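All remarks here apply to the structure that follows.
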Amino acid sequence: MRRSTSNRTAGRLFDNPSIRGLSLGALDPYVRRQVRGTRPTILFFSAAGRTVPDFLARWVNGKGLTIVPVPDPADVEQRVLRSLPQLVVIDADGGPQGLALCARLKADSYSAIVPLAVLTSRHTTDRVQEWFTAGADEVISPLFEPTEQASRLDGLMTRTARDVAVNPSTRLPGTTEIEREIRRRMENGELFAVCYADLDHFKEYNDRYSYNDGDRVIYILSRILHDVVKGLLGNRGFIGHIGGDDFIFIIPFDAIPDVCGEVLEVFDTLIPYQYNEQDRRAGYYFGKDRRGQLHRVPLMTLSIGIVTNQHRRFAHPAQVSELATEMKSYAKTQPGSVFVVDRRHDAELDDDGVR
């Protein structure tokens, strides 16, 4: 079930030679500048004043990290809240202060995202369970060989990076992974399209129904994008969630008509059923604008702004993001569910895209 894109005139946006030839001179803001700063930090707390264990010191040095012993639990909390370190390690043999510190850090939603590992010199089931109940992410004991101890820290850091890189409501990759995927395709020399999808009339829908209904719509959109992109392209497609009702999906250039046409077709089929029968049959409802005036609000539609590297040379993912945002804004000025493609050329590239 795919909608032909031949009637989507907005898909030929900017196919106008008079606005081609954008200068690359504006790329300087996208050049990464080296920023001086400290290396990523690990905090080590031992109420007994013990030194950093040898295996932990070797692991830290091998990762290019910095470990800072902090003897005061209050100071540990302040440092975590102030700078969000890479990892907190607590010596379990230093008395009850460590357990209380673990519980306090994990009870705060802000500090809870910092991974916390516990080192103990003896392994008992009750003791390990006590730390996990307090919120510890990993408990390392002499039960494990030094190489396994290091591997468990590696696994903890990997899980943490994965967990904070996804949007909690849709479990799709967030902005960090979106930028990494764009950069990967740029470096591989792939011909790709970055598609910025955004809901139209979503705020009015939330105002009429509820934020719970709005969250359901966002989740439905995430499933549509995932199922269509992955169903048609498999591993050649990527879907990310910027936040709210803003999504990015990255696909091969030649897949634009099929993927975007299918996304819009499925969206327009399913979304009307998120309204009550009266609104769905009418195709609109009355809502108030910011001045309190009643006006007709149409059912939600989907706008997709698309940027490709067919006729452009990108210097940085931030440039792609800026152009995709521009195209998304243009798409939202068009009626109905549409996708629009930026077809402007860089002056340095000829009409065939030869560099």
Side-chain angles (χ1 to χ4, degrees), residues 3 5 8-14 166-179 181-182 192-209 211 213-230 237-251 255-257 259-275 284 287 289-290 297-308 317-343:
R3 173 180 301 174
T5 58
R8 295 183 182 277
T9 56
R12 299 191 297 273
L13 175 67
F14 291 152
V166 301
N167 186 284
S169 62
T170 61
R171 309 303 294 174
L172 290 175
T175 53
T176 301
E177 292 301 310
I178 292 171
E179 178 178 332
E181 179 66 15
I182 294 174
F192 63 90
V194 174
C195 310
Y196 191 153
D198 185 28
L199 291 169
D200 306 313
H201 312 297
F202 179 66
K203 181 183 182 302
E204 296 96 324
Y205 177 86
N206 269 342
D207 291 342
R208 178 166 177 79
Y209 290 86
Y211 71 85
D213 292 298
D215 285 347
R216 186 178 66 251
V217 167
I218 289 174
Y219 181 75
I220 290 172
L221 176 56
S222 75
R223 298 312 306 171
I224 293 172
L225 294 175
H226 179 273
D227 293 351
V228 171
V229 172
K230 290 297 184 180
F238 171 91
I239 311 96
H241 188 182
I242 300 172
D245 60 326
D246 296 317
F247 292 83
I248 290 284
F249 56 100
I250 306 171
I251 59 179
I256 292 174
V259 171
C260 292
E262 183 77 353
V263 165
L264 298 181
E265 180 69 30
V266 176
F267 179 89
D268 286 345
T269 300
L270 296 181
I271 287 302
Y273 293 97
Q274 304 311 308
Y275 293 82
Y284 66 89
D289 60 22
R290 294 184 179 181
V297 180
L299 304 188
M300 282 181 289
T301 53
L302 184 64
S303 295
I304 305 175
I306 303 172
V307 173
T308 81
Q319 183 193 15
V320 183
S321 174
E322 181 177 305
L323 292 171
T325 302
E326 175 187 327
M327 295 307 302
K328 181 263 297 185
S329 297
Y330 181 87
K332 291 178 75 69
T333 67
Q334 307 302 306
S337 293
V338 299
F339 68 91
V340 296
V341 181
D342 183 3
R343 301 191 184 279

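Just so it is clear, the structure is predicted and the values come from calculations on it, not from any experiment.
At least one side-chain heavy atom of Glu326 sits under 4.5 Å from a side-chain heavy atom of Leu323. Tyr196 has its side chain out of reach of Val307: every pair of non-hydrogen atoms, C-beta onward, lies at least 4.5 Å apart. Residues Tyr330 and Asp342 form no side-chain contact, since every pair of their non-hydrogen atoms from C-beta on lies 4.5 Å or further apart. Contact of the Ser303 side chain with the Gln334 side chain is not registered, since no non-hydrogen atoms from C-beta on lie closer than 4.5 Å. In this structure, the side chains of Leu302 and Leu199 come closer than 4.5 Å at one or more pairs of heavy atoms. Residues Asn206 and Asp213 fail the side-chain proximity criterion, which asks for heavy atoms closer than 4.5 Å.
Scored by the side chain to side chain contact (heavy atoms under 4.5 Å, CB included) test, Pro272 finds Arg280, Leu299 as partners (sequence neighbours excluded). Glu181 meets the salt bridge (charged side-chain N to carboxylate O under 4.0 Å, His left out) test with Arg184, Arg185; sequence neighbours excluded. Contacts of Tyr284 classified as side-chain hydrogen bond (donor to acceptor under 3.5 Å, both in side chains), with partners at least two apart in sequence or in another chain: Arg296. For Ser169, the side chain to side chain contact (heavy atoms under 4.5 Å, CB included) partners are Asn167, His241, not counting sequence neighbours. Qualifying side-chain hydrogen bond (donor to acceptor under 3.5 Å, both in side chains) partners for Asp227, counting only residues two or more places apart in sequence or in other chains: Arg223. Residues passing the side-chain hydrogen bond (donor to acceptor under 3.5 Å, both in side chains) test with Lys328, sequence neighbours excluded: none.
The distance from atom CG of Leu172 to atom OG of Ser222, rounded to the nearest 0.5 Å, is 5.5 Å. With rounding to the nearest 0.5 Å, the separation of CG in Leu264 from OG1 in Thr301 is 9.5 Å. How far CG of Leu221 is from CD of Gln274: 11.5 Å, rounded to the nearest 0.5 Å. Atom CD1 in Ile251 sits 5.5 Å away from atom CD1 in Ile256 (nearest 0.5 Å). Separation of atoms CD1 (Ile239) and CZ (Phe247) is listed at 10.5 Å; rounding is to 0.5 Å. Taking CG of Asp215 as the start and CD1 of Ile220 as the end, the distance is 11.0 Å to the nearest 0.5 Å.
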Step-by-step side chain to side chain contact (heavy atoms under 4.5 Å, CB included) determination, Ile182 to Phe238 = CA-CA 10 Å; Ile182 294 174; Phe238 171 91; over 6 Å; no
Residue pair Phe249, Val259: steps toward the side chain to side chain contact (heavy atoms under 4.5 Å, CB included) verdict | CA-CA 10 Å; Phe249 56 100; Val259 171; 3.9 Å; yes
Output, in order, the C-alpha distance, side-chain angles, deciding distance and verdict of side chain to side chain contact (heavy atoms under 4.5 Å, CB included) for Cys195 and Phe339.
-> CA-CA 9 Å; Cys195 310; Phe339 68 91; over 6 Å; no
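The backbone N or O of Ala318 sits nowhere less than 3.5 Å from a side-chain atom of Ser321 that would complete a donor-acceptor pair. Not one N or O on the side chain of Tyr205 forms a donor-acceptor pair closer than 3.5 Å with the backbone of Val217. Of the possible donor and acceptor atoms, one in the side chain of Tyr275 sits under 3.5 Å from a partner among the backbone N and O of Met300.
Scanning both residues, Ala197 and Ile304, for their nearest heavy atoms gives CB-CG1, 4.1 Å. Heavy-atom minimum distance, Val263 versus Val228: CG2-CG1, 3.7 Å. Minimum heavy-atom separation, Ala193 to Ile306: CB-CG2, 3.9 Å.
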